[in-house]
Amino acid sequence: MNLRVKELTGGLLPDVNSECCASRGILEHVTSRWGVLVLAVLLDGTHRFSELRRAVGGVSEKMLAQTLQTLEQDGLVHREAHAVIPPRVDYTLTPLGEEAAQQVWALARWAESRVPEVLAARAAHAEAKAAGAKAAGAKAAVAR
């Protein structure tokens, strides 16, 4: 383990299942609702804030700004402000960000491809739960 990593982690090996592991925060940022989508859009290349906002449907300006700031702090996104009028800021993935984006984009694609199966499972679960509640109610009525 390199000395700087040892210093930052207190000498502990990263373990996502450990309550105090820094990897949990990273995982939270990368897999957050907006984090996944921002990373995915940036896989296509450099984007301005307004382009990202249009590409990520439903995200507010505030949430997009917070997400970009968090991803920048984690070293996943590079923010470049150009000294022009009107102001122009470009966002791109760092090499680390590109690696993370590819991972979460694969998960997002999997989720898209499995929507029918998941919706069917949800419906089956709701039906089974309703049938169980109905049976429990009938049993309680008989016991009276």
Verdict with reasoning, Val36 to Leu107, per side chain to side chain contact (heavy atoms under 4.5 Å, CB included)
CA-CA 9 Å; Val36 169; Leu107 179 60; over 6 Å; no
| task | Using the side chain to side chain contact (heavy atoms under 4.5 Å, CB included) rule, take Leu39 and Leu93 through it: C-alpha gap first, then chi angles, then the decisive distance, then the call. | result | CA-CA 8 Å; Leu39 289 170; Leu93 291 174; 3.6 Å; yes
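Side-chain contact between Val16 and Cys21: absent, with no pair of heavy atoms (C-beta onward) separated by less than 4.5 Å. Val56 places a side-chain heavy atom less than 4.5 Å from the side chain of Val41. The side-chain heavy atoms of Leu64 and Trp34, taken from C-beta on, include no pair separated by under 4.5 Å.
If you take NZ on Lys62 and OG1 on Thr67, they are separated by 11.5 Å, rounding to the nearest 0.5 Å. Annotation: the span from Gln66 atom CD to Ser60 atom OG amounts to 7.5 Å, rounded to 0.5 Å. Taking CZ of Arg24 as the reference point, atom NE2 of His29 lies at 13.5 Å (rounded to 0.5 Å). In this structure, Met63 CE and Leu68 CG are separated by 10.5 Å, a value rounded to the nearest 0.5 Å.
Each of Leu52, Leu76, Thr92 was checked for a side chain to side chain contact (heavy atoms under 4.5 Å, CB included) with Leu42, and the lone residue meeting it is Leu52. With Tyr91 as the partner, the side chain to side chain contact (heavy atoms under 4.5 Å, CB included) test is satisfied by one option alone out of His47, Glu80, Arg48, Arg79: Arg79.
With a 6.0 Å radius and a threshold of 12 heavy atoms from other residues, nucleotides or ligands, Glu99 has its CD atom at or below the threshold.
Leu27 and Trp105 sit in two unconnected hydrophobic clusters of ILVMFWY residues. Membership requires side-chain heavy atoms under 4.5 Å apart, directly or through other members.
Here the side chain of Arg88 pairs no donor or acceptor atom with the backbone of Ala81 at under 3.5 angstrom.
The two residues Gly75 and Leu96 have their closest heavy-atom pair at O-CB, 3.9 Å. Taking each heavy atom of His78 and Thr94 in turn, the nearest pair found is N-CG2, 4.0 Å.
Here Arg114 pairs with Glu117 in a salt bridge; the nearest charged N to carboxylate O distance falls below 4.0 Å.
Checking Asp90 against His82 by side-chain atom types alone, a donor-acceptor pair falls below 3.5 Å.
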